[in-house]
Trainee: 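My questions will all concern the structure given below.
By convention in this document, chain letters (A, B, ...) are assigned in the order of the sequence lines, proteins followed by strands, and residues within each chain are numbered from 1.
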There are 2 protein chains.
Amino acid sequence: MVTIGDVAKAAGVSRSTASYALSGKRPISPEVTDRVLAAVEQLGYTPNAGARALRTSQTQVLALFARFVEDEFAPAMLEYIKGVTDTARELGYDTLLVSDEDGPGAIRRLSGSQMVDGFVLLNVAEEDDRLEPLRSVHRPGTLVGLPGDTHGVDVFDLDFEASGRLMVEHMHGLGHREMILVSQPEDVVRRGGAYVWRLADTAKAKADELGVDLHHYFAASSQPGIGEDLHRFLDAHPHATALLLNNEGAAAALPAVLQERGLSVPHDLSVIGRYSDVFARTFSLPFSAIDSAADRLGRHAVQQLVDRIEGRIDAAAPHTVELIAPEIHDRGSMAAPPAV
Amino acid sequence: MVTIGDVAKAAGVSRSTASYALSGKRPISPEVTDRVLAAVEQLGYTPNAGARALRTSQTQVLALFARFVEDEFAPAMLEYIKGVTDTARELGYDTLLVSDEDGPGAIRRLSGSQMVDGFVLLNVAEEDDRLEPLRSVHRPGTLVGLPGDTHGVDVFDLDFEASGRLMVEHMHGLGHREMILVSQPEDVVRRGGAYVWRLADTAKAKADELGVDLHHYFAASSQPGIGEDLHRFLDAHPHATALLLNNEGAAAALPAVLQERGLSVPHDLSVIGRYSDVFARTFSLPFSAIDSAADRLGRHAVQQLVDRIEGRIDAAAPHTVELIAPEIHDRGSMAAPPAV
DNA sequence: CTGAAAGCGCTTACAG
DNA sequence: CTGAAAGCGCTTACAG
């Protein structure tokens, strides 16, 4: 391998001069700089990452913790991952992908071995077992997903409370007075998916406030269960005119259910979902939805993390909790309810 | 950070003895070993990865190159990624995920900076621009996907040629004599998806050999195009009794098309696809299919790579091209053709 | 069975 | 504006 010593020799300077010429950390004459650059080019020099990390205690690597859970829609996960890796690369960092069962152990291991400069955690649960080690390791960490206790970490998530309100408000504004809200299965909540009840609770509160009759159900997350569930809900509430979906499987199953019941959207039923744009494209879903903003969340998370790593954020300053305001991607599935 | 010097001091031995006690590379008395281990435990020692890499020229990190292309079904990609990262971890390696636009540049950069011990390339095209740098960098590389030129790399893929034959043979064995084969769009082939014509060519050859009438089409990969395409193919060949799908979008769109035409499977039409099991689950697809074996391919690729890195494979020995034999996952969508 | 020392390649404080 | 030297933490050949 070619080292900075080789570069220095080829350029006829000392190793320190070669190093400074490349880093720009002290003024080097243009002629010398040119010779160094030429040598780098000609020899194909790339600094040894291990040596640099050993010296500087900076690795230019971020750890990305993804949890691959059943029930979870994979393309959405991939979008987060892509958002994170792309942004990291733009900012000069590589990404170590950790899908370890043993999340807490992996955090300690990677921090102890000084392999990474910081951590991005995806799919964060209400009570997440990775948070305790993360807080203890003294390396910055950013979460995508809002846990119960946010101290010591930066947090980015969709504002699910505002999302619940927005769904109900929007449908109410169109004239709907009876709605069905379909949430993820209860075991998603039990595993720590607090976003499910966050959205449902605010939806219910807003419905109460507006005098809307809102029926809330947990439902299966995949076929055939979810199809049967949807039929059951619609049977139980024949006068409901709006369907709010915080359950990706329900959105995917709905077109078949509508066809079986001979319902047309938005003529007979108005529908709004909460899922990512890739999800909509993958299943060709014709329903308006609040976008999960996966790539934006991944992007913001990395920017914040790198700002911290590189000292652009005062360590004493309070941590960020950024909840992205929901935006409805309109696909034309909402209208005034049918006249009675 | 705690170093091996701290451990040595706590155990009352020299740094070299501490190191040897941990690596086991030379005999150390049980008492001393115990003291070292206790010190490690108590101090929470983890070796500094950069220092170790600098000394040993081994990083215990693999680079995983994923290409996120449109048209590509993401869950399948995620399955490969999971197969690779999990296997790597089991073998003591971390995984650097690279989704760089600049694949060739990233290979040179990571190799030059000695950040990784080897490369796994996903989604390899017939003529892949990452192969030239990979061959030049003198670090082992394993491909998932069969390129035109396999020299200097280990290759793992599903045997698409055998898959084409198997589809036709199996349907022929059930009595079918006229079939439709639906391939991915032509631009997938143009981008280097040679597996498309590999499967189609052997299917056609086998059909000729068996006297089967096989109609081959390229089709769109997503709705609404693919639905229209399927209708068109079925209209054009009213006597075809079997449908062979080497196009995930076609498989996902087929249930709706069948319903619209009032066709039942396998009574009116026998169907076989080629897609992963997660894909089938995600879309609740009721069709028998040749599994893409994503996790198995990822697993084998990493095992082979690590064997090479760790010198368990003679560098002079020829490289591997392992094509996994297709297996049909039977979901009951194939039967004898309807009596005329 | 154990220890003192060298050196991997880099950056940066020290010296001029 | 440039150079010689130290030291990051590790492993291993050298010495006993």
Side-chain angles (χ1 to χ4, degrees), chain A residues 1-37 39-40 43-61 92 109-117 310-311, chain B residues 1-37 39-40 43-61 92 109-117 310-311:
Chain A
M1 275 292 113
V2 26
T3 75
I4 196 157
D6 300 325
V7 170
K9 197 176 297 171
V13 297
S14 72
R15 285 160 63 218
S16 54
T17 299
S19 179
Y20 283 119
L22 292 174
S23 70
K25 291 199 179 168
R26 82 178 178 193
I28 300 286
S29 69
E31 304 84 65
V32 168
T33 303
D34 284 352
R35 290 213 309 275
V36 170
L37 260 30
V40 165
L43 300 173
Y45 169 69
T46 315
N48 180 299
R52 175 176 278 179
L54 180 57
R55 176 64 228 239
T56 64
S57 303
Q58 290 246 333
T59 61
Q60 303 293 115
V61 177
R109 179 175 65 81
L110 292 174
S111 176
S113 63
Q114 312 213 55
M115 284 181 75
V116 300
D117 296 334
E310 301 184 349
Chain B
M1 274 294 109
V2 27
T3 74
I4 196 156
D6 300 325
V7 171
K9 197 176 298 172
V13 296
S14 72
R15 286 158 62 217
S16 55
T17 299
S19 178
Y20 284 120
L22 292 174
S23 70
K25 292 200 179 169
R26 84 180 178 192
I28 301 286
S29 70
E31 304 84 64
V32 169
T33 303
D34 284 351
R35 290 213 310 274
V36 170
L37 259 30
V40 165
L43 300 173
Y45 169 69
T46 315
N48 179 299
R52 176 175 278 179
L54 180 58
R55 177 63 229 240
T56 63
S57 304
Q58 290 247 328
T59 61
Q60 302 295 115
V61 177
R109 180 175 65 81
L110 293 173
S111 176
S113 62
Q114 313 214 53
M115 286 181 74
V116 301
D117 295 335
E310 301 184 349

Trainee: Taking only heavy atoms on the protein side, list every residue of residues 22-30 of chain B lying under 4.0 Å from any atom of DNA chain D, sorted numerically.
Mentor: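 Result for residues 22-30 of chain B: B:K25, B:R26, sorted by number.
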Trainee: Nearest whole angstrom, please: distance from the P of D:dC1 to the CD of A:E31.
Mentor: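 Going from A:E31 (CD) to D:dC1 (P), I get 10 Å.
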Trainee: Show each protein N/O and nucleotides 7-9 of chain D N/O combination with a separation under 3.5 Å, one pair to a line.
Mentor:
| residue | atom | partner | partner atom | Å |
| --- | --- | --- | --- | --- |
| D:dG9 | N2 | B:A51 | O | 3.3 |

Trainee: Return the stems involving DNA chain D, sorted by first number, where pairs are Watson-Crick (N1-N3 with N6-O4 or O6-N4) or G-U wobble (N1-O2 and O6-N3), both under 3.5 Å, and runs are 3 or more long.
Mentor: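 Listed by first number, the stems are C:1-3 with D:14-16, C:5-12 with D:5-12, C:14-16 with D:1-3.
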Trainee: Could you work out, with side chain to side chain donor-acceptor pair (under 3.5 Å) as the rule, every residue matching B:S16, not counting sequence neighbours?
Mentor: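 For B:S16, the residues satisfying side chain to side chain donor-acceptor pair (under 3.5 Å) (neighbours in sequence not counted) are B:S14.
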Trainee: According to a strict under-4.0 Å criterion, is B:T17 in side-chain N/O contact with OP1 or OP2 of C:dG3?
Mentor: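 Answer is yes, contact under 4.0 Å.
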Trainee: Respond yes when some side-chain nitrogen or oxygen of B:S19 is under 4.0 Å from OP1 or OP2 of D:dT11, and no when none is.
Mentor: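 Checking B:S19 against D:dT11: at least one side-chain N or O falls below 4.0 Å of OP1 or OP2.
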Trainee: By side-chain contact (heavy atoms from CB on, under 4.5 Å), which residues pair with B:K9, not counting sequence neighbours?
Mentor: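 Counting only residues at least two positions away or on another chain, B:K9 forms no side-chain contact (heavy atoms from CB on, under 4.5 Å).
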Trainee: If only atom types and distance count, is the side chain of A:Q114 paired as donor or acceptor with the main-chain N or O of A:S57 below 3.5 Å?
Mentor: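 Such a contact is absent between A:Q114 side chain and A:S57 backbone.
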Trainee: Where do A:M115 and B:A49 come nearest, in terms of heavy atoms and distance?
Mentor: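 Taking every non-hydrogen atom into account, CG-CB, 3.3 Å.
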Trainee: Excluding sequence neighbours, so at least two apart, what forms side-chain contact (heavy atoms from CB on, under 4.5 Å) with A:A53?
Mentor: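 Per chain and number, A:A53 pairs via side-chain contact (heavy atoms from CB on, under 4.5 Å) with A:T59.
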Trainee: Under the rule for side-chain contact (heavy atoms from CB on, under 4.5 Å), what residues qualify as partners of A:D34, not counting sequence neighbours?
Mentor: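 side-chain contact (heavy atoms from CB on, under 4.5 Å) check on A:D34 returns nothing, list empty.
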Trainee: Rounding to the closest angstrom, what is the interatomic distance between D:dT12 and D:dG16 at atom C1'?
Mentor: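 Those two atoms are separated by 16 Å.
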Trainee: Residues in side chain to side chain donor-acceptor pair (under 3.5 Å) with A:E310, at least two apart?
Mentor: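 A:E310 satisfies side chain to side chain donor-acceptor pair (under 3.5 Å) with A:Y93, A:R312 only.
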Trainee: Is any N or O donor-acceptor pair between the side chain of B:S16 and the base of C:dA5 shorter than 3.5 Å?
Mentor: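 Counting by modelled atom types and ignoring angles, no donor-acceptor contact under 3.5 Å is found here.
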Trainee: Run the side chain to side chain donor-acceptor pair (under 3.5 Å) test against B:R15 and tell me which residues pass, sequence neighbours left out.
Mentor: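 If we apply the side chain to side chain donor-acceptor pair (under 3.5 Å) test to B:R15, skipping adjacent residues, there are no hits.
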Trainee: Just jot down the side-chain contact (heavy atoms from CB on, under 4.5 Å) partners of B:L54, sequence neighbours excluded, or say none.
Mentor: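 If we apply the side-chain contact (heavy atoms from CB on, under 4.5 Å) test to B:L54, skipping adjacent residues, the hits are A:N48, A:A51, A:L54.
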Trainee: List for me each residue that meets side chain to side chain donor-acceptor pair (under 3.5 Å) alongside A:R109, sequence neighbours excluded, and say none if there are none.
Mentor: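 Testing A:R109 for side chain to side chain donor-acceptor pair (under 3.5 Å), a comparison that skips the adjacent residues, returns B:D94.
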Trainee: Has the side chain of B:Y20 got a donor or acceptor that lies under 3.5 Å from a partner of the other kind on the base of D:dA13?
Mentor: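 Check passes, donor-acceptor contact within cut-off.
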Trainee: To the nearest 0.5 angstrom, please state how far the CG atom of A:L37 sits from the CG atom of A:L22.
Mentor: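 Separation between the atoms: 6.5 Å.
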